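Down below is the structure, laid out as structure tokens.
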Amino acid sequence: MLGRDFRKLWIGQSISFFGSQITSVALPLTAVAVLQANERQMGWLTAAETLPMAVFGLLAGVWMDRMRRRPVLVAMDVARGVLLASIPIAAMAGVLTFAQLLVVAFGAGSCYVVAAVADRAYLPSLLRPEQLVAGNARLQGSYSAARTVGPGLAGLLIAKISAPFTIALDAISFFVAGGVVASIRHEEPQPEGTGRTLAGMREGLLRVARHPQLRPLVLCGGLHNICSTMMVALYFLHLKRNLDIEEEGIGLIVATGGVGALLGSVYAPRVAGRLGDGRALIVAQALTGVARLLVPLAGGPFLLAVSECLLGAVRALFNITQISLRQRVIDPNWQGRVNASIGFLLWAFTPLGALAGGYLASAIGTRNTLWIAATGVMAATLLALPLSRAAPPSSDRTPTARP
């Protein structure tokens with residue numbers, strides 16, 4: 001049993017996962033369908049969502065090693081709820097602009113960065129090391145279930161009440177999620193992180209750079225994220241304008257990714273146990289490349305649905321395995337700084353990918369840009385090959401696992 005407090009965290013996260021999946025469809029469609037955004041603007045919108053990792057990622061890690069994480073999780077949920085609620089309010093007043101979408105995307109992204117670092121650092125204080133794979137699998141299972149139901153529901157809601165008002169549901173979900181996490185009664189120990197901020201940031205980066213498992217993980221993930229973000233910036237625009245798929249259809253296509261993710265989250269522990277962490281990550285990355293290549297190849301909904309389903313399954317395997325690996329091999333007192341350093345290295349340069357995708361698509365076309373980005377995702381598999389020497393899931397923290 002993983003305990004009552006973990007169940008509260010699980011419920012709170014599950015609620016926010018569900019709402020976030022609705023907004024993952026509603027926010028870009030608000031830009032495309034309501035504000036008539038073009039390729040370059042979609043690049044800027046995606047860049048605004050990912051830029052906070054470059055701005056706050058390393059600082060968040062230092063902060064999370066100096067304070068208790070549960071109050072931070074609650075505050076970030078409430079802040080995201082307020083930011084998202086401003087979109088339907090502005091729409092009702094007839095003053096919604098693309099500039100506001102950029103501000104909300106950056107603000108919500110900033111809250112996500114801080115909350116993600118706090119969440120990664122908080123979970124090991126609720127669970128024993130041998131429970132982390134099971135805990136992460138449950139969280140990923142909830143995320144997968146949300147991906148299954150949320151996008152399809154989003155498509156229906158957008159068709160009925162418009163995209164901006166659909167976002168109101170996500171705002172409500174964050175308020176509820178914050179209340180559930182606030183009810184956790186576990187006495188979290190005060191982290192022991194001390195020292196200067198710049199020194200802590202530098203040491204976190206050095207520990208990642210010197211670590212035999214974390215270094216190839218961030219190299220692979222960094223290239224993958226840059227290229228995937230190029231695709232994300234153009235994805236809904238491509239489906240809506242180039243393939244002429246309506247909102248309900250887009251929601252159903254994205255929902256198939258949730259079905260795959262649900263299967264991936266169920267089978268991830270046994271796959272990682274049989275292959276070992278490193279080989280499981282390599283296989284997952286290679287199949288991710290295949291899924292991405294299906295997007296520019298697709299001429300209609302069927303191949304897109306296959307792509308989403310495969311992508312959901314293998315990304316669930318990759319994420320559960322890599323997060324559990326990180327939580328095992330990082331010293332508890334360094335969870336915040338090292339995880340933030342990993343997050344920074346994985347996401348800091350993705351705004352450039354989003355902007356490159358938007359500007360490249362305006363020059364050579366959306367489909368050609370999607371081919372280039374998908375090829376980059378497949379190429380990232382080569383950078384993951386050193387992970388074949390990663391320790392198996394049953395291993396605990398050892399002195400050799402610490403840089």
Side-chain angles (χ1 to χ4, degrees), residues 12-38 41-52 73-115 143 146-147 149-182 232-233 235-237 239-241 245-255 258 354:
Q13 294 290 72
S14 299
I15 294 170
S16 63
F17 288 158
F18 189 90
S20 294
Q21 286 305 306
I22 293 177
T23 291
S24 71
V25 177
L27 187 63
L29 285 179
T30 297
V32 172
V34 178
L35 300 179
Q36 302 300 311
N38 58 33
Q41 287 177 314
M42 294 304 293
W44 278 105
L45 182 63
T46 305
E49 292 179 289
T50 55
L51 182 60
L73 290 171
V74 175
M76 294 302 100
D77 277 340
V78 172
R80 279 184 282 184
V82 171
L83 285 165
L84 290 169
S86 72
I87 293 177
I89 291 172
M92 290 178 62
V95 294
L96 181 65
T97 64
F98 186 76
Q100 181 178 346
L101 291 188
L102 291 178
V103 172
V104 171
F106 180 81
S110 300
C111 294
Y112 170 79
V113 167
V114 177
Y143 173 75
R147 281 201 64 188
V149 178
L153 178 60
L156 294 174
L157 289 172
I158 291 168
K160 298 296 183 183
I161 63 174
S162 82
F165 295 108
T166 301
I167 294 174
L169 296 177
D170 193 15
I172 294 172
S173 76
F174 278 115
F175 292 132
V176 175
V180 173
V181 175
V232 169
Y235 188 68
F236 289 104
L237 186 147
L239 268 59
K240 178 76 174 166
R241 295 186 184 169
I245 301 174
E246 296 299 325
E247 284 84 353
E248 296 95 328
I250 292 174
L252 292 174
I253 289 170
V254 177

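All values derive from a computational prediction rather than experimental measurement. Numbers here are sequence positions counted from 1.
No donor-acceptor pair closer than 3.5 Å links the side chain of Ser162 to the backbone N or O of Ile158. Under a 3.5 Å cut-off, the side chain of Ser16 and the backbone N or O of Gln13 do form a donor-acceptor pair.
Taking the side chain as every heavy atom from C-beta outward, Leu169 and Phe18 never approach each other to under 4.5 Å. At a threshold of 4.5 Å between non-hydrogen side-chain atoms, the residues Ile87 and Leu27 count as touching. Side-chain contact check for Phe174 versus Val82: every heavy-atom pair is 4.5 Å or farther apart.
By the neighbour-count criterion of 12 heavy atoms within 6.0 Å, atom OH of Tyr235 is densely surrounded, having more than that number from other residues, nucleotides or ligands.
The structure places CG of Leu102 at 10.0 Å from OG1 of Thr46, a figure rounded to the nearest 0.5 Å. Rounding to the nearest 0.5 Å places CG of Asp170 at 7.0 Å from CD1 of Ile22.
When all heavy atoms are compared, the tightest approach of Ser86 to Val104 is OG-CG2, 3.5 Å. In this structure, Ser173 and Ile15 approach most closely via the heavy-atom pair O-CG2, 3.4 Å. Residues Pro88 and Phe165 share a closest heavy-atom pair of O-CE2, 3.7 Å. Of all heavy-atom pairs spanning Leu73 and Ala115, the tightest one is CD2-O, 3.4 Å. For Glu247 against Leu29, the heavy-atom pair with the smallest separation is CG-CD1, 3.9 Å. A pairwise comparison of heavy atoms in Ala79 and Cys111 identifies CB-SG, 3.6 Å as the closest pair.
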With a cut-off of 3.5 Å and sequence neighbours excluded, list every side-chain donor-acceptor pair involving residues 175-182.
none

| request: Starting from the C-alpha separation in whole Å, work towards a yes-or-no answer on side chain to side chain contact (heavy atoms under 4.5 Å, CB included) for Thr30 and Leu96. | output: CA-CA 10 Å; Thr30 297; Leu96 181 65; 3.9 Å; yes
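For residues 75-102, the pairs satisfying salt bridge (Lys or Arg N to Asp or Glu O under 4.0 Å) are Asp77-Arg80, with sequence neighbours left out.
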